[in-house]
Amino acid sequence: MSSLKGLNNKSQEQESPEETAINLTRKESRFISLYEEATALDWEDWRWQLKNRITTEEQLSKIINLTDEEKAGIDGCGKKLKMAITPYFASLMDPKNPNCPIRMQCVPRGAELITSEEEMTDPCGEDKDSPVEGLVHRYPDRVLFLVSEVCATYCRHCTRSRIFTEGRKKLGYKSYEKAFDYIRSNKSIRDVLISGGDPLLLSNEALEHILKTLKEIPHVEFIRIGTRVPVTLPQRINHDLVKILKKYSPVWMSLHFNHAKEITKRVKFACDMLVDSGIPLGSQTVLLKGINDSSSTMKRLMHELLKIRVRPYYIYQCDPIVGSKHFRTKVSTGINIMENLRGHTTGYGVPTYVIDGPGGGGKIPISPNYIVSYEKGKCVIRNYKDEQFTYTDPA
Ligand SMILES: *Cc1c(COP(=O)(O)O)cnc(C)c1O
């Protein structure tokens with residue numbers, strides 16, 4: 001009889017997506033006294049999340065035990081890249097451990113105020129490849145379109161931190177028009193990558209205006225959105241947004257995950273909504289010292305991404321942005337990680353490791369060397385176990 005219990009129970013009824021999201025939030029979020037007054041409904045409201053971002057040392061000290069190194073970082077970062085962390089992302093931080101991978105990505109540290117000789121404000125040389133405001137046209141058939149200069153949470157390793165610096169001219173709608181004209185008049189552009197800042201912090205209306213205008217250009221075959229919102233503000237991925245994205249299909253999305261700890265049930269819920277609406281998801285990961293620079297940490301991240309249907313796309317060598325020395329690893333670290341992925345795990349879980357050529361070289365793939373020798377039509381290659389094989393070219 002007991003097995004029948006609950007058959008007519010209310011809990012058997014299907015939960016609405018909103019209820020599921022709220023229940024996930026309740027289960028997963030660490031209680032943060034700073035937001036004592038907030039309800040689960042507030043917490044699920046992305047505008048509430050933005051309005052209540054942590055931006056001061058005083059607020060942050062109520063959530064985590066700040067180290068002197070972190071305090072120095074917060075004191076000095078304002079002129080460079082200010083601190084802002086969504087309550088959701090902050091709830092994932094370890095209050096005691098300063099080496100928490102979430103914490104290291106969004107809490108400034110004193111080390112970021114130090115500039116090393118090789119560091120630059122625009123390490124990828126984007127500004128010199130910008131034909132009109134807001135566009136970077138580097139490759140023959142695609143452009144990068146920067147539509148926003150805000151992010152939900154500022155990543156301390158940001159390669160584009162220069163656009164958040166105080167006093168810089170804001171982009172705004174006017175610059176969109178110039179960019180649209182440029183894309184319209186360049187028939188070779190078949191792929192537009194919308195990024196920023198974070199495009200998903202625009203209103204639905206503004207985002208739809210961009211998607212609609214691009215979709216009307218006959219030679220634009222598809223649109224990509226580069227965003228970290230599903231990771232730091234998954235509440236933004238709601239029904240209305242997904243409906244818009246679906247309307248302008250094909251839209252692909254590049255997310256930015258750096259550690260398995262970022263893949264919560266709430267994040268999976270947001271990614272499910274996107275994938276179920278036909279939006280293919282990829283992840284771009286930045287190789288970061290102390291965060292993901294070991295083969296086991298990186299492999300675990302790749303596995304967790306596959307589980308939520310996000311295809312690892314790139315691992316980036318951390319760009320030599322000003323104040324990034326404490327984040328950057330040697331190139332050999334990246335090569336070693338790739339050596340430990342390829343062959344050792346699912347091919348779908350092996351992204352391409354790239355260095356954006358400092359000064360404006362674009363993405364250059366870096367790989368362990370699998371060619372032992374290639375002479376007189378004989379290509380001697382090695383596999384992941386270091387066994388050698390010879391492929392003979394057709395005569
Ligand atoms: C990364 C990037 C792209 C897109 O490159 P893909 O390899 O096609 O993903 C386009 N333009 C610029 C300037 C870029 O930095």
Side-chain angles (χ1 to χ4, degrees), residues 120-149 151 155 157-164 171 175-176 178-180 182-200 210-211 214 217 219-231 250-258 274 279-288 302 305 310-321 324 328 334 338 348-367:
M120 299 171 245
T121 49
D122 179 18
C124 302
E126 292 181 331
D127 290 343
K128 77 172 174 57
D129 274 344
S130 177
V132 297
E133 211 188 331
L135 274 191
V136 184
H137 193 183
R138 166 160 302 151
Y139 300 107
D141 66 343
R142 54 208 191 279
V143 284
L144 175 63
F145 184 11
L146 307 175
V147 301
S148 149
E149 60 279 286
C151 279
C155 302
H157 54 274
C158 181
T159 196
R160 220 168 273 142
S161 58
R162 69 183 188 284
I163 78 168
F164 306 108
L171 294 167
S175 71
Y176 294 173
K178 275 187 241 155
F180 291 144
Y182 182 86
I183 298 168
R184 273 190 207 102
S185 61
N186 280 268
K187 294 215 164 60
S188 58
I189 299 169
R190 39 163 291 285
D191 166 8
V192 179
L193 168 50
I194 303 171
S195 186
D198 205 307
L200 295 191
I210 294 169
L211 292 173
L214 291 174
I217 303 174
H219 51 272
V220 173
E221 295 171 3
F222 91 123
I223 300 169
R224 297 191 258 179
I225 296 177
T227 173
R228 207 175 186 200
V229 149
V231 185
V251 173
W252 289 53
M253 249 188 209
S254 283
L255 313 185
H256 173 181
F257 284 97
N258 292 329
L274 293 166
I279 300 153
L281 302 180
S283 174
Q284 320 196 77
T285 295
V286 183
L287 180 56
L288 295 167
M302 299 306 145
L305 288 172
V310 176
R311 165 77 156 101
Y313 182 40
Y314 282 133
I315 291 178
Y316 290 108
Q317 178 68 13
C318 184
D319 293 319
I321 188 77
S324 64
R328 287 185 284 121
M338 294 313 293
Y348 276 134
V350 184
T352 305
Y353 171 45
V354 294
I355 302 179
D356 223 306
K363 297 177 185 72
I364 302 167
I366 308 293
S367 166

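Whatever order the structure lists ligands and atoms in, that order sets their numbers, starting from 1. All residue numbers in this chain count up from 1 along the given sequence.
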With a cut-off of 4.0 Å, which atoms of ligand 1 are near a heavy atom of [X]?
X      : result
Tyr313 : 6 (P), 7 (O), 8 (O), 9 (O)
Tyr314 : 6 (P), 7 (O), 9 (O)
Tyr139 : 2 (C), 3 (C), 10 (C), 11 (N), 12 (C), 14 (C)
Val136 : 13 (C)

- Relative to atom 14 (C) of ligand 1, which among Glu126, Lys363, Arg142 owns the nearest non-hydrogen atom? Lys363
- Taking heavy atoms and a distance under 4.0 Å, where does His137 meet ligand 1: side chain, backbone, both or neither? neither
- Task: Answer with side chain, backbone, both or neither: which part of Leu193 has a heavy atom less than 4.0 angstrom from an atom of ligand 1?
- Result: side chain
- Message: Strictly below 4.0 Å, N to O, side chains only: are Glu126 and Arg138 in salt-bridge contact?
- Response: no
- Message: Quick test of your reading of the model: are Asp319 and Arg328 salt-bridged, counting only N-O distances below 4.0 Å?
- Response: no
- Task: Would you name the heavy atoms of Leu274 and Pro230 that are closest together and state the gap between them?
- Result: CD1-CG, 4.3 Å
- Which pair of non-hydrogen atoms, one from Thr227 and one from Asp198, has the smallest distance, and what is that distance? OG1-OD1, 2.7 Å
- Message: Looking at His256, is its backbone amide N or carbonyl O close enough to the side chain of Arg228 to form a donor-acceptor pair, meaning the two atoms are under 3.5 Å apart?
- Response: yes
- Message: With a cutoff of 4.0 Å, is Arg224 in contact with ligand 1, counting heavy atoms of the residue only?
- Response: yes
- Query: Under 6.0 Å between the ring centres of Phe145 and Phe180?
  - Reply: yes
